[in-house]
Structures are given as structure tokens and as C-alpha cells.
Protein chains: 2
Amino acid sequence: MPDHPKRVTRRRVATRARLLDAAFQVFAAKGFGHVSIEELCEAAGFSRGAFYSNFATLDALFFALYQERAELIAAQVAEALAQDGTGLDVPAAVDRVTEVLLLDVDWLLVKTDFLVHAARDPQVARALLDHRARLREAIADRLFRARGHTGLPAVLGDVDGAAHAVVAAYDGVTVQLLLDKDVEAARAWLKQLLTALLTDGGRTPDRPAHDPA
Amino acid sequence: MPDHPKRVTRRRVATRARLLDAAFQVFAAKGFGHVSIEELCEAAGFSRGAFYSNFATLDALFFALYQERAELIAAQVAEALAQDGTGLDVPAAVDRVTEVLLLDVDWLLVKTDFLVHAARDPQVARALLDHRARLREAIADRLFRARGHTGLPAVLGDVDGAAHAVVAAYDGVTVQLLLDKDVEAARAWLKQLLTALLTDGGRTPDRPAHDPA
DNA sequence: GGCTTTCGATACATCGGTGTATCGGATACG
DNA sequence: CGTATCCGATACACCGATGTATCGAAAGCC
């Protein structure tokens with residue numbers, strides 16, 4: 001049990017960071033649930049004493065790790081979305097976001113591990129749902145700014161529904177990527193999916209579809 | 001190490017089945033990677049001897065378990081797809097398939113565990129990819145039979161691309177379902193997504209969209 | 001129904017991981 | 001600088017799980 005430290009010394013934050021970094025590596029390689037505390041500490045160049053001084057349990061560390069990285073990604077996505085102020089060019093935003101979301105396969109591995117973990121712990125699930133909600137919000141915001149310029153399919157409902165769809169597409173593509181490890185293909189495919197979802201299927205008046213057969 | 005058994009006695013298949021059933025339960029509850037062989041055997045009402053007589057390792061059992069269940073689901077999906085012979089009514093097929101795919105949350109839990117497992121073992125990943133390919137094939141077949149009656153969005157490319165999109169949507173919805181555990185919402189949402197993907201966004205000439213704002 | 005084969009239970013040796021308690025050096029602070 | 005505090009290393013006791021070897025009993029076979 002970590003005592004609430006009176007002073008947050010700088011040594012503390014340093015070792016904490018090193019532990020989290022090592023955890024990311026090791027979790028990505030072997031998967032949470034196949035990693036022992038000892039293994040993790042060895043990877044970080046520490047003894048178990050360091051671990052128990054900083055975290056109560058492996059779950060706690062995993063949670064902290066997820067939170068840290070998720071925050072980082074969220075910030076990157078927000079930046080990618082805000083990049084063109086008025087939000088007229090949706091396809092460009094799609095490209096930028098795709099680039100950010102499918103950047104690091106290791107992160108996707110850890111993220112999925114965390115999903116599996118959250119699926120069995122409502123407490124953790126809540127945190128993950130919150131994070132996803134914030135992401136959706138940012139997306140919905142962006143789509144709202146572009147309304148009128150892109151025809152959203154009616155079946156998706158409002159802008160919020162469309163944001164939901166974007167996240168679903170992201171998750172779907174992630175699964176395939178985890179299996180074939182082809183980042184470029186995944187990016188291309190995600191762009192395609194998002195285009196299909198957010199525009200009205202390539203059937204805008206100014207871009208008539210040619211017969212696919 | 002299981003000797004290649006000369007005769008497949010019926011006792012053997014029975015205990016094997018009981019082990020697999022118990023494994024499904026326990027894996028769903030605690031997650032693969034948090035289950036010991038001992039725990040599993042206890043749940044099945046066996047001793048560890050039974051396990052080692054039937055499987056070489058936990059991984060092997062997990063693989064067998066996945067294969068068995070996946071085969072079952074695939075058959076159900078194929079049936080749901082084949083139900084109306086000529087394939088004119090795509091929305092009805094979507095409804096039926098949705099029903100089958102999002103039936104059992106426990107299965108989704110185990111399946112996702114397996115995904116995480118496969119993501120780190122190319123051997124296993126191959127098997128999973130094969131299974132997914134077969135599923136896509138069945139879907140593509142169905143869509144092909146319905147071509148001309150439903151306008152596929154051009155951006156998805158051919159029928160095969162559309163099948164790919166269906167699977168991605170399924171995976172995406174699964175993720176959300178694992179977190180909020182709301183099966184009905186997931187089903188509705190998946191139907192909506194598939195409709196948006198497979199029709200041309202509710203903008204067919206015979207079904208004009210009304211302004212969502 | 002005997003005889004053989006097969007299967008699963010039991011016992012055993014072993015190992016790796018866990019958590020705690022304690023200690024010594026580093027670090028902050030005056 | 002001196003000292004009090006903090007933090008991470010070390011040592012220890014303790015399971016719990018693993019895999020194997022062996023044995024008794026059930027099931028197949030004639």
C-alpha cells in the first residue's frame with residue numbers, strides 16, 4: 001500500500017515513469033496477464049521494492065499506464081481535428097486523424113488488453129467509456145462545424161450518431177490490424193470506411209458513381 | 001504430451017467436451033491469462049490428470065475451444081444468410097445475422113481474449129484470419145446474390161470490400177458492447193451501421209431523406 | 001467374462017511469484 | 001552541512017501452480 005506521499009519527490013516521479021515505460025514495452029510484447037511484477041521490474045531495471053513503493057497492485061499500474069497514454073492520444077486527436085479552423089474540409093481531417101489513430105501497433109495491443117480487462121471490471125469499464133465519450137465529443141464537434149458541407153447519411157441520425165460510427169469503424173479496423181499487422185492497409189481501409197460513413201456513399205451530385213460491376 | 005490415441009474412446013470425447021465447456025465458462029468469467037489449469041479442472045470436476053491426458057498446454061485447449069465455437073457460429077451465420085434463397089431482401093438478412101452475431105456476450109469476451117492472444121502469436125493469428133476470411137466469403141456471396149437490388153456505396157469497392165466493411169462494423173460494435181453490456185442497444189446500432197454501409201445512406205431515389213436538422 | 005488397453009486420480013518434487021519487513025544509501029530541507 | 005525523511009534493494013517466509021511418474025479403475029475387444 002503506497003502511503004499518500006507528503007512530498008512528491010522528483011526521484012519518485014522518475015522511477016514511476018520508468019516503471020510505466022517498461023510496463024508499456026513488456027505488456028505490448030507479452031500481454032498483460034502474462035507479465036509478472038518481477039519481470040516488469042527487471043525490465044525497468046528496478047527491484048520489486050520500487051514497484052511496491054509506487055503501486056498497490058499490477059492492476060493499478062495498468063490503469064495508470066492506460067490513463068497516461070490515452071490522455072496523450074486524445075490530445076493528439078484533438079489537435080488533428082482542430083487543425084483547420086473552420087472545418088470545411090472533412091476528408092483532410094479524416095486523413096489526419098487516421099494518421100494519428102493508427103500510429104503505433106504496440107499501443108493498440110496494450111489498449112486491447114485493457115479493453116479485455118475493463119470488460120470484466122465495471123470500475124475500469126467506466127473509465128474507458130469516459131475516455132471514449134470524450135473522443136466522440138471531439139469528433140462530433142468537428143462534424144458539427146462541417147455540417148452542410150458534407151451530407152451525413154440519414155440512417156446514422158444526428159452528428160453524435162456519426163461520431164459513434166467513426167469510433168466503431170476505428171475499433172473495427174483495429175481488430176484487423178492486430179491480426180495482419182499491416183498498418184498502411186489499415187489506414188487506407190479506415191479512410192475508406194470513414195468516407196463511406198460520413199459522406200453519402202460517393203453518390204453526391206458532383207461526383208457520380210460509376211457502375212462497380 | 002498427449003499420445004496420438006489409437007482409438008478415440010467415447011470416454012475421452014466426453015471429458016474433453018466437459019473440459020472445453022468448463023473452460024468457456026471460466027475464461028468468460030476471469031479471462032484467459034487469469035485462469036490456472038488447476039482452476040479449470042476443478043470447474044470441470046476433474047483432476048489435472050484429465051487435462052494433461054487431453055491437452056498439451058492451456059494454449060492448446062484455448063485454441064481448440066475457439067475453433068469449436070467459431071465453427072458453430074460460422075454455421076449459424078451461414079444459415080441466417082442462406083435463409084431466403086434468392087437474396088432480394090438484404091435488410092431482412094441484416095436483421096437475422098445481427099441476431100446471431102450478438103447473441104452471447106460470454107462468447108464475445110472469449111473471442112476478444114482470443115484476439116489478444118492471436119495478436120502475439122502469428123500461428124494463432126493465421127487461424128483467426130482464416131476464420132474471418134470464411135465469414136467474409138459467406139457475406140460477400142450473399143451480397144453478390146443481392147447485387148442490383150441494393151446500391152452499394154462506390155467507395156467500398158467491390159462486393160468483397162463491402163463484406164470487409166460488415167465485419168469491421170461487427171468488430172466495432174462488439175467493443176462497445178463489451179464495455180456497456182447492452183446487447184439490445186448493440187444490435188440496434190449494428191443494424192443501423194450495416195444499413196448505412198450497405199445501402200447508399202438512405203438516399204436511394206425511392207426513399208428520399210428528410211432533412212435531419 | 002477375462003484380458004488388454006486407456007484414462008484419469010494421486011503423490012511428489014520443483015519452481016517462480018508474491019507480499020512484507022527491514023536496512024542502508026540517497027535526497028530534500030534547514 | 002547535518003539531519004530527518006524517503007525510497008528502493010535485499011532477505012525471508014509462503015503459497016499456488018506446474019509437470020511427471022505411478023497406480024487403480026473403467027472401457028473396449030474378443
Side-chain angles (χ1 to χ4, degrees), chain A residues 1-65 68 113 117 120-121, chain B residues 1-65 68 113 117 120-121:
Chain A
M1 248 169 302
D3 308 324
H4 291 238
K6 301 150 191 177
R7 301 282 178 220
V8 230
T9 70
R10 63 188 68 168
R11 181 158 65 137
R12 208 175 176 73
V13 301
T15 62
R16 203 184 134 94
R18 255 172 71 196
L19 277 173
L20 287 176
D21 279 359
F24 181 74
Q25 305 271 127
V26 180
F27 285 169
K30 308 201 165 186
F32 181 76
H34 295 279
V35 172
S36 67
I37 296 179
E38 182 129 359
E39 206 172 347
L40 162 61
C41 291
E42 189 183 16
F46 282 118
S47 188
R48 290 213 319 287
F51 174 85
Y52 284 109
S53 168
N54 281 277
F55 298 97
T57 163
L58 242 194
D59 284 17
L61 179 144
F62 195 23
F63 191 81
L65 171 62
E68 193 191 65
D113 256 359
H117 187 228
R120 285 165 181 105
D121 184 338
Chain B
M1 250 168 297
D3 308 323
H4 291 237
K6 301 151 191 179
R7 301 282 177 218
V8 228
T9 71
R10 62 188 69 167
R11 181 158 65 138
R12 208 174 176 74
V13 301
T15 61
R16 203 184 135 95
R18 257 173 68 198
L19 277 173
L20 288 176
D21 279 1
F24 181 75
Q25 305 272 126
V26 181
F27 285 169
K30 308 203 168 185
F32 181 76
H34 295 279
V35 173
S36 67
I37 297 179
E38 183 130 0
E39 206 172 348
L40 163 60
C41 291
E42 189 183 17
F46 282 118
S47 188
R48 289 213 321 285
F51 173 85
Y52 284 109
S53 168
N54 281 278
F55 299 96
T57 164
L58 242 193
D59 284 17
L61 178 146
F62 195 24
F63 190 81
L65 171 62
E68 193 191 67
D113 257 358
H117 187 228
R120 286 167 180 103
D121 183 338

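In the text below, chain A, chain B and the rest are named by the order of the sequence lines, each starting its count at 1.
Ranking C:dG19, D:dC6, D:dA17 by closeness to the A:T9 side chain, first place goes to D:dC6. The side chain of B:Y52 approaches D:dG19 more closely than any other nucleotide in the set D:dC7, C:dG8, D:dG19. Candidate nucleotides C:dT27, D:dG28, C:dT10 were compared by shortest atom distance to the side chain of B:S47, and C:dT10 ranks first. For A:F46, counting side-chain heavy atoms from C-beta on, the closest listed nucleotide (D:dG8, D:dT18, C:dG19) is D:dG8. Closest to the A:S36 side chain, of the nucleotides C:dT18, D:dC7, D:dG8, is C:dT18. Residue A:R11 has its side chain nearest to C:dG25 when only D:dG19, C:dG25, D:dA9 are considered.
Remark: P of C:dG17 and CG of A:L40 are 12 Å apart, rounded to the nearest angstrom. Rounded to an integer number of Å, the gap from B:D59 CG to D:dG19 P is 11 Å. Here C:dA9 presents its C1' atom at 13 Å from CG of B:L19, a figure rounded to the nearest Å. One interatomic measurement links the two molecules: CZ of A:F55 to P of D:dG8, which rounds to 11 Å at whole-angstrom precision. If you take NE2 of B:H34 and P of D:dA17, they are 14 Å apart, rounded to a whole angstrom. Put simply, CD on A:E38 is 12 Å from P on D:dA9, counting in whole angstrom units. Taking atom CZ of residue A:R18 and atom C1' of nucleotide D:dG8, one finds them 11 Å apart after rounding to whole Å. One can place CD of B:E42 at 13 Å from P of D:dT18, the figure rounded to the nearest angstrom.
Residue B:R48 places a side-chain atom within donor-acceptor reach of the base of D:dG19, judged by atom type and a 3.5 Å distance cut-off alone.
Contact annotation: A:S53 does not reach the phosphate of D:dC6 (side-chain N/O to OP1 or OP2, under 4.0 Å). Between B:T15 and the phosphate of C:dC7, there is no side-chain N or O to OP1/OP2 separation shorter than 4.0 Å. Put simply, B:R12 has a side-chain N or O that comes within less than 4.0 Å of OP1 or OP2 on C:dC7. Residue B:N54 has no polar side-chain atom (N or O) positioned under 4.0 Å from OP1 or OP2 of C:dC7.
When heavy atoms are screened at a 4.0 angstrom cut-off, B:F51 is found touching no nucleic acid atom at all.
Contact of the A:L61 side chain with the A:F27 side chain is registered, since non-hydrogen atoms from C-beta on lie closer than 4.5 Å.
Projected onto DNA chain D by closest heavy-atom contact, B:G49 and B:L58 fall at different nucleotides, the more 5' of which corresponds to B:L58.
The environment of CD in A:E42 is sparse: at most 12 heavy-atom neighbours from other residues, nucleotides or ligands sit within 6.0 Å. More than 12 heavy-atom neighbours from other residues, nucleotides or ligands sit within 6.0 angstrom of CD on A:E68.
Heavy atoms only, all atoms of each residue included: A:D113 and A:F32 are closest at OD2-N, 2.8 Å. Nearest heavy-atom pair, A:A60 versus A:F55, reported as atom, atom and distance to 0.1 Å: C-CD2, 4.4 Å.
For the atom pair CG (B:N54) and CZ (B:R18), the distance works out to 11.0 Å, reported to the nearest 0.5 Å.
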